[in-house]
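The next block holds one structure in the form of structure tokens; read it before the comments.
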Amino acid sequence: MKNILLLLAVIAVAQAGVTLTLSSADIEAFLKAHNDVRNNLGIASLVWDKKLAKFAKDWTSKCDYKHSYGAYGENLYTSSPLKKNATDLAYKSAEAWESEVKYVDNSTWACITGEPTCGHYSQMVWRDTTSVGCAITHCKKTADGVLPNFVSCNYDPP
């Protein structure tokens, strides 16, 4: 029985990723990338929330590329090849989410439904959201297409 438990533990670790420790510069990059978009719309800036960052870290460390469906708003981003520069990944992920602005119907301020949509962009600029916390995990590429750079930002309130 011990051997089976040990084998299961080894498999779990092999599939999990390595979550980066974000520096203050990395955190500032996530905040700046979000707040530049919000400030251009006259929306209050977000603040960093360690609880949200821990939630994002716990989720991305599983390398299971799907939404957590937790209590927070959530944006996910993956890319390849592996990037060790977390500040660059902070800007790249926010840039990808912001690019969805082209799917906003400005006359009604509504997302065009279907695919593609503007759900990531709308979470970035949701007026009632006050805080954000993000994480980056390096995952192994898997058969189901998970790419090495896995970024999650979580938002409160969603």
Side-chain angles (χ1 to χ4, degrees), residues 16-139 141 144-158:
V18 176
T19 304
L20 304 182
T21 299
L22 299 179
S23 69
S24 57
D26 303 330
I27 292 168
E28 286 303 314
F30 274 115
L31 284 172
K32 181 171 177 23
H34 280 80
N35 289 332
D36 284 353
V37 175
R38 293 173 66 86
N39 293 336
N40 286 338
L41 296 171
I43 301 169
S45 293
L46 299 176
V47 297
W48 190 258
D49 186 307
K50 290 179 182 179
K51 176 179 71 173
L52 295 173
K54 182 179 180 335
F55 184 89
K57 177 182 177 180
D58 291 346
W59 185 250
T60 61
S61 69
K62 297 175 184 179
C63 292
D64 187 11
Y65 185 70
K66 61 184 178 185
H67 284 283
S68 67
Y69 298 103
Y72 309 113
E74 183 174 67
N75 281 343
L76 304 178
Y77 171 83
T78 63
S79 67
S80 187
L82 183 79
K83 281 187 180 266
K84 298 204 184 241
N85 186 328
T87 296
D88 187 47
L89 278 169
Y91 284 114
K92 293 283 187 200
S93 59
E95 182 181 280
W97 300 326
E98 181 188 6
S99 74
E100 293 178 0
V101 67
K102 62 187 167 219
Y103 305 115
V104 174
D105 178 346
N106 290 316
S107 65
T108 61
W109 188 241
C111 285
I112 298 169
T113 57
E115 290 294 327
T117 186
C118 65
H120 299 99
Y121 173 75
S122 64
Q123 180 58 78
M124 287 181 79
V125 299
W126 198 257
R127 186 174 302 278
D128 293 340
T129 298
T130 57
S131 55
V132 65
C134 306
I136 300 170
T137 297
H138 288 149
C139 301
K141 186 168 180 171
D144 62 350
V146 173
L147 300 175
N149 307 303
F150 187 15
V151 179
S152 175
C153 286
N154 290 91
Y155 305 85
D156 195 41

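For clarity, every value in this text was computed on a predicted model and none was experimentally measured.
- Closest heavy-atom contact between Ala56 and Gly133: CB-O, 4.0 Å.
- Side-chain atoms of Trp97 and Cys153, non-hydrogen and from C-beta on, do get closer than 4.5 Å to each other.
- Residues in residues 21-38 take part in these salt bridge (Lys or Arg N to Asp or Glu O under 4.0 Å) pairs, two or more places apart or across chains: Lys32-Asp36.
- Under the ring-ring contact (aromatic ring centres under 6.0 Å, His included) criterion, Phe55 pairs with Tyr72, not counting sequence neighbours.
- Tyr155 and His34 have tilted rings, their planes meeting at an angle from 30° to 60° on a 0 to 90° scale.
- When every heavy atom of Cys139 is checked against every heavy atom of Thr60, the shortest pair comes out as SG-O, 4.2 Å.
- Nearest heavy-atom pair across Ser61 and Thr19 is CB-OG1, 3.5 Å.
- Distance CE/Met124 to SG/Cys118: 12.5 Å, rounded to 0.5 Å.
- Here Lys51 contributes atom NZ and Asn154 contributes atom CG; the two are 11.0 Å apart, rounded to the nearest 0.5 Å.
- Atom CG of Leu20 and atom NZ of Lys57 lie 10.0 Å apart (nearest 0.5 Å).
- The shortest distance between side-chain heavy atoms of Pro157 and Thr130 falls below 4.5 Å.
- Residue Ile27 holds its CD1 atom at 8.0 Å from NZ of Lys50, rounded to the nearest 0.5 Å.
- Summarising the local packing, CH2 of Trp126 is surrounded by 12 or fewer heavy atoms from other residues, nucleotides or ligands at distances under 6.0 Å.
- Residues Ser99 and Tyr121 have side chains not in contact (no heavy-atom distance under 4.5 Å, counting atoms from C-beta outward).
- Side-chain contact check for Asp156 versus Pro158: some heavy-atom pair is nearer than 4.5 Å.
- Under the ring-ring contact (aromatic ring centres under 6.0 Å, His included) criterion, Phe30 pairs with no residue, sequence neighbours left out.
- A donor-acceptor contact shorter than 3.5 Å is absent between the side chain of His120 and the backbone of Ala94.
- Residues Ala33 and Ala90 come closest through the heavy atom pair CB-O, 4.4 Å.
- Results of the side-chain contact (heavy atoms from CB on, under 4.5 Å) test with Ser45 over Leu31, Val132, Asn35 single out Asn35 as the only residue that passes.
- Of the inter-residue distances, the one linking Ile136 atom CD1 with Thr87 atom OG1 reads 8.0 Å to the nearest 0.5 angstrom.
- Judged purely by distance below 3.5 Å, without hydrogens or angles, the side chains of Ser79 and Asn149 pair a donor atom with an acceptor atom.
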Legend entry - Intermediate values then yes/no, side chain to side chain contact (heavy atoms under 4.5 Å, CB included), Glu74 and Trp59: CA-CA 11 Å; Glu74 183 174 67; Trp59 185 250; 4.1 Å; yes
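- Interatomic distance, Lys92 NZ to Asn85 CG, rounded to the nearest 0.5 Å: 10.0 Å.
- Nearest heavy atom pair, residue Leu22 against residue Cys134, reads CD1-O, 3.5 Å.
- Shown here for Glu98 and Val37, the closest heavy-atom pair between the two residues is CD-CG2, 3.4 Å.
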